[in-house]
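One structure is given here, and the rest of the page talks about it.
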2 protein chains.
Amino acid sequence: MIVRQAANVLEIMEFFAQVKKPATLAEIADHFGWPRSSTFNLLATLSEKGYLYEPRPRAGFYPTPRWLAMARMISEVEPLPQWTHTLIADLSAETGETASIVAPAGVMAVFIDVVESQAAIRYFATIGHRVPIHATASGRALLLQYSQEERDSVYRKIEFKQYGPSTPISIEAVETELRNSIARGYCQSFADYSRDLAGAAIPLPIGDRRLSVVVAGPEFRIGPKIAEVAALIARTVDRLRPKAAA
Amino acid sequence: MIVRQAANVLEIMEFFAQVKKPATLAEIADHFGWPRSSTFNLLATLSEKGYLYEPRPRAGFYPTPRWLAMARMISEVEPLPQWTHTLIADLSAETGETASIVAPAGVMAVFIDVVESQAAIRYFATIGHRVPIHATASGRALLLQYSQEERDSVYRKIEFKQYGPSTPISIEAVETELRNSIARGYCQSFADYSRDLAGAAIPLPIGDRRLSVVVAGPEFRIGPKIAEVAALIARTVDRLRPKAAA
DNA sequence: CAGATAAATTCACATATATGTACGTTCGCC
DNA sequence: GGCGAACGTACATATATGTGAATTTATCTG
């Protein structure tokens, strides 16, 4: 069950992150198609908790810096090492595609750092974006780091759907693809989940954290050179990863 | 009306900001005294939206960097000028008390930047903290920047409560205190709102934004030297504020 | 490795909550 | 400066939602 008002809080914040200026009750209500009275209650709640204020009279609400203060506290714990950001920045620069660091979240894989391609046609992904762990290159690069038992436990929860023509729709299919990935030396996906999207990924264990790096873009651009891209990822990781670490 | 699940989202995030490590469903549920099933729904919603993930298997949930990414986007709009932070840092260092930048939010005043005192006994305030605009030094320093009509409009919404012995409990009382403040050259409060708390504040208009600076601490420490503190605030603002600006 | 224990998940129902409607206030326009 | 329209606010009611109990899944213990 989805908790509507919890989701609405997030929606409101994303709204402010987009428009980047104060908004009145009416504007927010209209934007989301919410009733005024409901919007009123929500804004009142957020204000009361110290997360919204009125920068100038009658110009509407805007988030207080409290969000930032809290996000900083949360994120200063085990931040990703600096070199991982350099990694995807370099990869994105060299390939012209979108590069990301990905982490597991149950049956999904979450993007926890992203450097976007500058191309007009590109893979549009944001931090927090989620994709099925079994039907994506990045996800399978995570699964490769699991034990057989852990994978089985994940499989049990997966609802296999035919997202595209090549989506693996059974445990067998996924396991086979994992074996192929090992043989190949990298994980790949050709529109297994998102239409027209291809990507190459490799596992990126850091300490006891299981992450992966992925470079993804339109099939027609990535497809022909996927092996090269994968090799580039591997080389770049070798270059940037501190040698001391396990 | 308070929107419970909206507030809960904030509570959860504050929880993570405090404990700074992943937490399982059970831990979160127990911490707040929420039913497991409700907690499940909330966590599922936050996860689905890409705000929580599972850093390592079976170690529970933790917020994704998405919070940070969003908070940054929101806060890069009209950030407070750098010198305002220097201002309160200097004030806190020199006085040994807590110094803050404050902004209006309806009938309340919100702390939008805070540098805390290092003293054992101190004014504990955080960014986002809210106090009544009419019953605090910082709030009245905001009201001083309003026109008479604007103030009247605020007064109409205020619910006058006797927070302490010296709380102004009428429009008259507030207006009188404002006049005294002008004569005095600064705003002050002696436990008008918070017990044992005294503070000195002055208006701090920046562009078309109406802000104030306040230094606050225990009555027994601040009380005797409140005039000095106020003078120090004024001098420090003069020193740090760029001369070019209006 | 099996049994026990704890955690996670599902589901149907009672209840807390979102909202339609109505009222008061503020603002823009002539 | 007064009128009209838009905005913000309160409240009662129907309804979406939180929750206790039951089920399944995972983890610990001997």
Side-chain angles (χ1 to χ4, degrees), chain A residues 1-12 22-49 52-54 56-62 104-108 146-159 171, chain B residues 1-12 22-49 52-54 56-62 104-108 146-159 171:
Chain A
M1 175 192 274
I2 202 168
V3 181
R4 181 106 67 96
Q5 293 295 28
N8 287 352
V9 170
L10 306 174
E11 299 270 337
I12 285 205
T24 63
L25 189 155
E27 283 167 359
I28 296 172
D30 292 350
H31 175 87
F32 291 106
W34 295 340
R36 297 259 161 114
S37 50
S38 315
T39 308
F40 175 76
N41 291 335
L42 231 196
L43 293 182
T45 302
L46 293 178
S47 300
E48 197 144 317
K49 282 250 153 198
L52 289 180
Y53 75 124
E54 290 144 67
R56 55 209 87 197
R58 262 163 259 119
F61 295 87
Y62 199 73
V107 300
M108 305 296 272
Y146 284 39
S147 70
Q148 187 64 53
E149 293 77 43
E150 290 173 319
R151 274 209 298 278
D152 288 340
S153 140
V154 170
Y155 291 151
R156 246 170 275 135
K157 297 182 189 159
I158 292 180
E159 217 193 322
I171 295 177
Chain B
M1 174 192 275
I2 201 168
V3 181
R4 181 107 66 94
Q5 293 294 30
N8 287 351
V9 170
L10 306 175
E11 299 271 337
I12 285 206
T24 63
L25 189 154
E27 283 166 0
I28 296 172
D30 292 350
H31 175 86
F32 290 106
W34 295 340
R36 299 252 161 122
S37 49
S38 313
T39 308
F40 174 77
N41 290 334
L42 232 195
L43 293 182
T45 303
L46 292 178
S47 299
E48 197 145 314
K49 282 250 152 197
L52 289 180
Y53 75 124
E54 292 145 67
R56 56 208 85 196
R58 259 168 261 117
F61 295 87
Y62 200 72
V107 299
M108 305 297 272
Y146 284 39
S147 70
Q148 187 64 54
E149 294 77 43
E150 291 173 320
R151 274 209 298 279
D152 288 341
S153 139
V154 170
Y155 291 150
R156 246 168 275 134
K157 297 182 190 160
I158 292 179
E159 216 194 324
I171 296 178

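In the text below, chain A, chain B and the rest are named by the order of the sequence lines, each starting its count at 1. For the numbers below, each heavy atom of this structure counts, side chains included, while hydrogens, waters and symmetry mates do not.
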Among D/dC7, D/dT19, D/dT17, the nucleotide that comes nearest once only the side chain of A/Arg4 is considered: D/dT17
Side-chain donor-acceptor pair present, B/Thr45, B/Glu48, cut-off under 3.5 Å: no
B/Asp152 with B/Lys157: basic N within carboxylate O range, under 4.0 Å: no
For atom CD1 of B/Ile28 and atom P of C/dA8, their distance in whole Å: 9 Å
Atom-to-atom span, CD of B/Glu54 to P of C/dA8 - whole angstrom: 10 Å
Whole-Å gap separating C1' (D/dT9) and CD (B/Glu159): 15 Å
5′-ward residue of the pair B/Val3/B/Ala26 relative to DNA chain C: B/Ala26
Nearest-nucleotide comparison on DNA chain C, the residue closer to the 5′ end among A/Gln5 and B/Thr24: B/Thr24
Given DNA chain D, 5'-ward residue of the pair A/Phe61 and A/Ser153, judged by closest heavy atom: A/Phe61
Candidates C/dA7, D/dT17, D/dA26 - which lies nearest the side chain of A/Lys157: D/dA26
Among D/dT19, C/dA7, D/dC7, the nucleotide that comes nearest once only the side chain of B/Ser37 is considered: D/dT19
Nucleotide nearest B/Arg156 when distance is taken to its side chain, options C/dT19, C/dT26, D/dT19: C/dT26
Upstream residue (5' side of DNA chain D) when B/Thr39 and A/Gly60 are each assigned their closest nucleotide: A/Gly60
Spacing between B/Asn8 atom CG and D/dT19 atom C1', to the nearest angstrom: 13 Å
Atom pair distance, as rounded to whole Å: CD in B/Glu149 and C1' in C/dG28: 16 Å
Non-hydrogen side-chain atoms of A/Val154 and A/Tyr146 separated by less than 4.5 Å: yes
Spacing between A/Leu42 atom CG and C/dT17 atom P, to the nearest angstrom: 13 Å
Residues A/Ser147 and A/Glu150: side-chain donor-acceptor under 3.5 angstrom: yes
Nearest-neighbour nucleotide for the B/Phe40 side chain, C/dT9, D/dT17, D/dC11 considered: C/dT9
Interatomic distance, B/Met1 CE vs C/dT15 P [rounded to whole Å]: 17 Å
Length of the CG-P vector between A/Asn41 and C/dG20, whole Å: 13 Å
Under 3.5 Å side-chain donor-acceptor pair for B/Glu11 and B/Asn8: no
